[in-house]
Amino acid sequence: MEEGRKYRAIVTGGSRGIGKAILMELAKRNCESVMFSDIMVPDDDFEKHAAEIQKEIGIEGVKVYGFKADASKFDEAEATVQAANEKMGGVDILVNNAGITRDNLLLRMSEAEFDSVININLKSVFNYTKAAMKPMIKQRFGRIVNIASVVGLIGNPGQTNYAASKAGVIGFTKSVARELASRNVNVNAIAPGFIETNMTAKLNDQQREALLTNVPLKRMGQPEDIAKVVAFLCSPDADYMTGQVLAVDGGMVM
């Protein structure tokens, strides 16, 4: 990436939690316009939500856009990229962050619980990457960051669907990185550990304490911890990095 150049970014699942933190960090660092795609925001609230995030960022000239899309559907991913082209003039950065959990022991897990997690967590990465790679190849520049998970590296009881989806994201990242390297499109992944989000807010004190026994730093991470590493991977400092998986996990995987 060129120093001083301003970029245009799409963050899937970017209306809240880790996705929102990533959107804001990119806007504060090196983006002139950012777009979040999501299905969680009501139709008539997208402009209002985008305006609120823009106000939180507080940097004159930075534009924030919202676009309603089901990340598991390819045509809606294509529509998001098309909207980015129309509103922002193109896309330089894609962060595949959209994700859900439907935890259950495999013995009790339904086919619907498995399929929904695979479709949102893994197929969405295929959908958005395929939709965004063509303009990136044409302009011979792009940065793609996929949000995986430490669970995709080490597994976790009760999360076979989630672990499979995130392990798939890691394999997808490495393969696409090899395909796009010659076009100056770098593709990397981040594997977060336990981060303070709506998902982890459901844990009780006993569950939280049990989780932290596996974290050498003895605390949960913040969404901003992930956002800063995403911004690094989209900065000139990471121009010679592609196909990498960075664990941001307080030392869980080492």
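Within 6.0 Å of CZ in R178 there are 12 or fewer heavy atoms belonging to other residues, nucleotides or ligands. With a 6.0 Å radius and a threshold of 12 heavy atoms from other residues, nucleotides or ligands, K228 has its NZ atom at or below the threshold. Environment of CZ in R16: sparse, with no more than 12 heavy atoms of neighbouring residues, nucleotides or ligands closer than 6.0 Å. The environment of K218 atom NZ is dense: over 12 non-hydrogen atoms of other residues, nucleotides or ligands sit within 6.0 angstrom.
There is a path of hydrophobic side-chain contacts, each under 4.5 Å, that joins I22 to V229.
Applying side-chain contact (heavy atoms from CB on, under 4.5 Å) to I147 and the options V95, V248, V125 leaves one that passes, V95. For the pairing with Y128, the side-chain hydrogen bond (donor to acceptor under 3.5 Å, both in side chains) check across N96, T12, T80 returns one residue only, T80.
The closest side-chain heavy-atom distance from R143 to N184 is below 4.5 Å.
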Hey, mind stepping through S165 and N121 against side-chain hydrogen bond (donor to acceptor under 3.5 Å, both in side chains) and telling me if it holds? CA-CA 6 Å; S165 71; N121 295 8; 3.3 Å; yes
Working for ring pair (Phe, Tyr, Trp, His ring centres under 6.0 Å), residues Y7 and F141: CA-CA 11 Å; Y7 298 95; F141 177 85; 5.4 Å; yes
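Between atom CG of residue L26 and atom CD of residue E32 there is a gap of 13.0 Å, rounded to the nearest 0.5 Å. Rounding to the nearest 0.5 Å gives a distance of 8.5 Å between SG of C31 and CE of M88.
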